[in-house]
Structures are given as structure tokens and as C-alpha cells.
Amino acid sequence: MNDTVALLQKFNAHPDSRCWYVAWNPKGTLLASCGGDRAIRIWGREGDSWECKTLLQDGHQRTVRKVAWSPCGNYLASASFDATTCIWKKKNDDFECLTVLEGHENEVKCVAWAPSGNLLATCSRDKSVWIWEGYLSQSLSFSVDEENENENEYECVSVVNSHTQDVKHVVWHPTQELLASCSYDNNVCVYKEEDDDWECRATLEGHTSTVWGLTFDPSGQRLASCSDDCTVKIWKECQPEGGQGTDTAWKCVCTLSGFHGRTVYDIAWCPLTGALATACGDDGVRVFKEDETADPDQPAFSLSAHVPKAHTQDVNCIAWNPKEAGLLVSCSDNGEIAVWNYQSGV
Amino acid sequence: SDQRRDHVIRTIRDPEKPNTLEELDVVSEECVEVQELGEDEYLIIIKFSPTVPHCSLATLIGLCLQVKLQRCLPFKHKLDIFISEGTHSTEEDINKQINDKERVAAAMENPNLRDIVEQCVTEPDD
């Protein structure tokens, strides 16, 4: 391994609680984190260190499990164990709660914005995936008397019940209106819209335990999943056998096993470099690089870098900075966030 | 430290009966395995047998073990908790739930469930 992951900064983000998730804004200048203390914190760079710019304490009654920035960067969504999803609007360093999405029967495990900015997906322990449509102002600057009254209208356009258990994560395709979800039922589902209704078009079976995370490659042609079975699987969409049909077929084209000692909680595919990073319950952070192979249907990945004790407890989340190649963030059960610089020797 | 660990397990009370799990023989010494994971870090594997083959109580006992051990073990550890093979019909389902830390965390935010668990894990002289 010529490649390295160097620690840039480590700080306590959620005192005496788990930090469950951390997300870069689209510009790569801010971090949003959330945790078991029911708070959301926004972090900005001050020189070489990261400072807390905003604390959102009263949005949720229970753990905040995930946060997601809108594609324009002006809004933040938060998913909570209190069964609600909050949409926040950014006004300088402050965030104001625009609306609260209700409907799930119990804990919301994830929220994700579609690249188009108009659609949101949420998923829950109630086994369902909800698609919401809303209209948000895309403008970067606005004055007080130009508040769009329709700005906080969100309605649910589909509820899909393809999983048989707790749904852990949802992720949108980078360019198409296609959604993927993964679950405690060990499967991954892929959804497309048909006649104004969202439907499951493919069920990806193969993992032998809960699937915790999903990420698309930069082109959207492949999907990577990570699981409690300690493996990572790479899936590729392929032509279904026997002619046409509206269902797509996804095949597992690669399995990375023997690398992770415990549950793999999160996985992230770098949109700039194609490197694949994982967050593991053995406290480690790993980066994989794709080998150059002749056959695109049989990709191979090698372990490029490994930080065995990235944190002193489970690593829950890992995310690549969307603008700065090699900049990586992780967070842990010990409440810490760590910022890393990954450098590939080649 | 082995003694301390065992003591902690034994003081958990069965939610249905007033005696501790040790008195009921729900958890006994041979069912605790300790593996060294690295410097000063241990993997603790616990296999327990519930006294009644009732699904929700077994899950509750598993939850109590998770909570108590995470709080009380003084050394760095990873924890896996299982129902002893053969003692329960839906043991795979129960084991999956009690080892899912997100499910455990959410369960402990449910006030009713949290109260029951807190009662079970309190030391007799607390």
C-alpha cells in the first residue's frame, strides 16, 4: 500500500453521545453532524481547524440519525427516531425549521434529496420508503418580502413497501431519477417512477445480514453496499434475460470479504477519484481502489489504505468532500468527528 | 477483571422474577467467552438461556445485558450477545435484534421500555 490516510483534525462533536452521521454541504465548505444528544451541529473551517457555527437543539424529541443537504446547499433535512423529518432553511449561520414531515409509524432512519432538488426520500423501521415532492426556492439570495409562500409545501407522492424489515438507508442515483434502499431484511431494492407512482424494480439479494449503507459510483452505473455480514458488494445493472420487460436486473459483480472485522456501517464512493471508503464497527476506516481490469463486468478492488484505530469506538459514517479530492470525514460512537486526507501514491 | 465482568452479568434481574439472573441460572460462567482483540481491548461473547421460551422476554433480557455491560465494563470492549443454541425457537430473530445497536438505541429512547430496563439493571443496593 503506497497510499496513506493522514489525520487532519479530530474533535468532539456530540458530548457524551454517539455521533451518528456527518455530511458535507455541496460546496464542501461546511459539515453537518447529528447524534444521540438530539442535536444537529454545523461546522465551518477556521484556518486549520473546524469550529461549530450553529447548534440546532430543539428540532427533534429523540436521536437525530441522519442529515442531508439539498443540492443547492440552502436547505438541510434531518431524520429522527422521533418518527419525523425536519426541513431546515439556511439563513447565514442560522437555520430555521421550515416544515416537519410526518407519516412514518416509527423511527426514520434516513433522508435523501434527489439531485433535481424537488424530491426527497425517507425510510423507516416501519419497513417503508416514502417519496416526497416539494417546491423550494433555488435562489441563493432573497429579501424578506420575497418569501415564497409555497416554499414549505411537501407532500408524499408514494409509499413503497418492498422491504420486509427495518429500512436502514436510501440513496439517489447521481443523474437519473432512480432510488435505492437497503434493509435489516438483508436486501437492497431499486425503485423507478412509473405512471406517477414509485415502484420497486429490482431486489438485490446476496448479503447474509443487515445492509447498512449504499453508494453509487460517479457514473451511476454501479452501486456498492455494506453489511453486518462484514462484506462490501458491488452491483451492476445488466440487461435482463429473455428480451424486454420493465424490470431491471442487477448482478453482484464483486464481493470484498476478509477486510472488515465487524459490521460495516457506511460506505462512500468518491465522485472525484472513484475511491471507495468504509466505516467499520472495528473502529477502522478503509479506502479501496479499483484495479485496472479488462472486464468491466468483473471489477476488482484492492485495499489502498487502512486506519485501524481511526476512532476509539465504532465508526458510523464516512463521507468524501465533493470538491476537494482526498478530503474525507468520519464520525464515531464516541461522539467524535475526524477529518482525513487520503493520498494515492500512484 | 474477569471476576468483575461476571459479577456485572449476575446482578441483572430477570424482569419477570424478583431474583437475579444468576440465582435463576439464566447466565452462567461457561457462557461467557472473552477474546483479546488488541491492546487492552476484548471481545466479550455472551450466550444466555432465558428461563421461559417467551420471545419478548428473551429480547428484553438481551437488551438488559447490552445496556448493563456497555455501562459497567471498565475496559474497552466489543460485545456480542446470543441466546444459547437450542433454548429458543426464534433465537436467530432475537439475536439479530439485540446485536443491532441502532435498534437497541431506539428501544432505549422508548420511555416505557427504558423504565423496565433501568429497573432490571439497577444493582440491588443502588
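Each chain gets a letter, A, B and so on, in the order the sequences are listed, and its residues count up from 1.
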Original post:
Where is the tightest heavy-atom contact between A:R262 and B:L79, given as atom of each residue plus distance?
Top reply: NH2-O, 3.5 Å

**OP:** State whether the number of non-hydrogen atoms from other residues, nucleotides or ligands found under 6.0 Å of B:D115 atom CG is greater than 12.
**Re:** yes

Subject >> Spatial distance of atom CD (B:E109) from atom CZ (A:R38) [nearest 0.5 Å] >> reply: 5.5 Å

Subject >> Choice from A:W20, A:W212, A:Y184 maximising heavy atom contacts with chain B below 4.5 Å >> reply: A:Y184

Subject >> Non-hydrogen side-chain atoms of A:R125 and B:E102 separated by less than 4.5 Å >> reply: no

Original post:
What part of B:L43 lies closer than 4.5 angstrom to a heavy atom of chain A: side chain, backbone, both or neither?
Top reply: side chain

Indicate yes or no: does [X] engage [Y] in a salt bridge with an N to O separation below 4.0 Å.
X	Y	value
B:K78	A:D283	yes
B:K96	A:D166	no
A:E107	B:R103	no
A:D333	B:K101	yes

Original post:
Is it the backbone or the side chain of A:D282 that comes under 4.5 Å from a heavy atom of chain B, or both, or neither?
Top reply: backbone

Subject >> Segment of A:Q313 engaging chain B (4.5 angstrom heavy-atom cut-off) >> reply: backbone

